[in-house]
Protein chains: 2
Amino acid sequence: MDAEPEVAVLRYGHRPGRDDRMTTHVGLTARALGADRVVFPDNAGQSKETVEDITGRFGGPFGVETTDALNGFIRSWEGVVVHLTMYGERVQDVQEEVRAVHREEPVLVVVGGEKVPFEVYEAAEFNVGVTNQPHSEVAGLAVFLDRLFDGRELDREWSDADQTVIPMETGKRVVDPSEAESAADADGDS
Amino acid sequence: MDAEPEVAVLRYGHRPGRDDRMTTHVGLTARALGADRVVFPDNAGQSKETVEDITGRFGGPFGVETTDALNGFIRSWEGVVVHLTMYGERVQDVQEEVRAVHREEPVLVVVGGEKVPFEVYEAAEFNVGVTNQPHSEVAGLAVFLDRLFDGRELDREWSDADQTVIPMETGKRVVDPSEAESAADADGDS
């Protein structure tokens, strides 16, 4: 995000059909909550298309890539690797340390699908649990990113968008980005 | 959660088959991140079973219900209604106000499926956007709950669990809850 060291999200594992929506949501959540890019397994081409489409319409920069070598991608990462897992250390216990590392070097966040081999647990500098309860890899990623960036990601600005949503109390308002600033001003006056 | 006014999550809309996993993840996220119960549309029986199964194994209390009257459920809610939507006010702008209301009365968090009618926007005291970007209802719910509870939900304790995960740096450790405390102590010594 902006001038900080990069944060990339790696979706580890994908079953075409069954996982399409979850993988897409991992990618969209990575984009919306401050990561710089997402990396999907190369059989997740449909999710890649969807995330690229959203980035084209709502802005970037945000990268979407695929890899045919998940373990190789992790091994060759030049920075710190964080693996999100319900078996890991409590996020509230390690978040300060992870934030400190992120001030110095890029962070790769690995988000599991169904089966993550022990190799990934060993390769990760941090195995982190957003609770030690079973819930959702999308929920875990969202809370982790919000805490990693300490909320800064919510103020991120987007470039090259075709459309921008103007936050409002009731209803929906979507405008051309060139109108967004004046629309927001008008809301403030109303 | 514990002695606080209730927080319930209502999943608004469900398409059997296509939405099963997303609806299940909404329920599991609600449970893991501090809500007291989830309410599903009555065609989401499979998701209800899964969330009840997880609650039986990993503990509660957590309620799972269904309703055949989503709008009626919202109308008759005795407390404040928060609708999560990418068109809403920014969560960082309204979270303090929502926290203050929650100190006094129960909160119903409405999480949309594909189509949420305008009636819901009008019925909600707060329409809240966790970013004004398209991403994932599961991610939005997760960040919203983490901010509503200000992280307290991560320290929640569970009753009547059959199994408990012991957080650890590398690997997986699942024990009987009666062993959890001594297991944690042993880890601390190692």
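Letters go in sequence order (proteins before strands), and every chain restarts at 1. On a predicted model such as this, the values are computed, not experimentally measured, just so you know. The figures that follow rest on heavy atoms only: side chains count, while hydrogens, waters and symmetry mates do not.
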Response to the item:
Minimal heavy-atom distance between A/A32 and B/T131, with the atoms involved, is O-CG2, 3.6 Å
Worksheet entry | Path from A/L154 to A/W158 over hydrophobic side-chain contacts below 4.5 Å | no
Item to complete: Answer whether the closest heavy-atom distance between the side chains of B/R21 and A/D19 falls below 4.5 Å.
Response: yes
Worksheet item: For atom CD of B/E52, is the number of surrounding heavy atoms from other residues, nucleotides or ligands below 6.0 Å larger than 12?
Response: yes
Worksheet entry | B/R90 side-chain N/O to A/D155 backbone N/O, donor-acceptor pair under 3.5 Å | no
Worksheet entry | Atom CG of A/D160: over 12 foreign heavy atoms under 6.0 Å | no
Practice prompt. Heavy-atom distances under 4.5 Å only: say whether A/I54 touches chain B with side chain, backbone, both or neither.
Written response: side chain
Worksheet item: Who passes salt bridge (Lys or Arg N to Asp or Glu O under 4.0 Å) against A/D150, sequence neighbours left out?
Response: A/R99
Discussion item. Once salt bridge (Lys or Arg N to Asp or Glu O under 4.0 Å) is applied, do any residues pair with B/E49, and if so which ones, sequence neighbours excluded?
Written reply: none
Worksheet entry | Part of B/R31 lying under 4.5 Å from any heavy atom of chain A | side chain
Practice prompt. Search all heavy atoms of A/A139 against all heavy atoms of B/T29 and return the closest pair with its distance.
Written response: CB-OG1, 3.4 Å
Worksheet item: About how many Å separate CG of A/N132 and CE of B/M168, when rounded to the nearest 0.5 Å?
Response: 11.0 Å
Worksheet item: Does CD belonging to B/E169 count more than 12 external heavy atoms closer than 6.0 Å?
Response: no
Item to complete: Identify which part of A/V91 has an atom lying under 4.5 Å from any heavy atom of chain B, answering side chain, backbone, both or neither.
Response: side chain
Response to the item:
Scanning both residues in full, the closest heavy-atom pair of A/Y87 with B/R173 reads CD2-N, 4.2 Å
Discussion item. Please classify the contact between A/R156 and chain B as side chain, backbone, both or neither, with a heavy-atom cut-off of under 4.5 Å.
Written reply: neither
Item to complete: Over all heavy atoms of both residues, which pair between B/Y121 and A/T170 is shortest? Give the atoms and the distance, please.
Response: O-CG2, 3.7 Å
Fill in: Atom group of A/L33 that falls short of 4.5 Å from chain B, counting heavy atoms
side chain
Worksheet item: chain B heavy atoms under 4.5 Å from A/R147: which part of the residue, side chain, backbone, both or neither?
Response: side chain
Fill in: B/Q95 atom CD, neighbour heavy-atom count above 12 within 6.0 Å
yes
Worksheet item: Can you tell which of A/G88, A/A142, A/G129 has the highest number of heavy-atom pairs within less than 4.5 Å of chain B?
Response: A/G88
Fill in: Minimum-distance pair of heavy atoms, taken over all atoms of A/L28 and B/P134
CB-O, 4.0 Å
Item to complete: Hey, could you give me the CD/CD distance between B/E153 and A/Q92, rounded to the nearest 0.5 Å?
Response: 8.5 Å
Worksheet entry | Side chain, backbone, both or neither of B/V174 within contact of chain A (heavy atoms, under 4.5 Å) | side chain
Worksheet item: Considering only heavy atoms from C-beta outward, does the side chain of B/M22 approach that of A/H25 to under 4.5 Å?
Response: yes
Practice prompt. Name the region of A/F58, side chain, backbone, both or neither, that has any atom closer than 4.5 Å to a heavy atom of chain B.
Written response: both
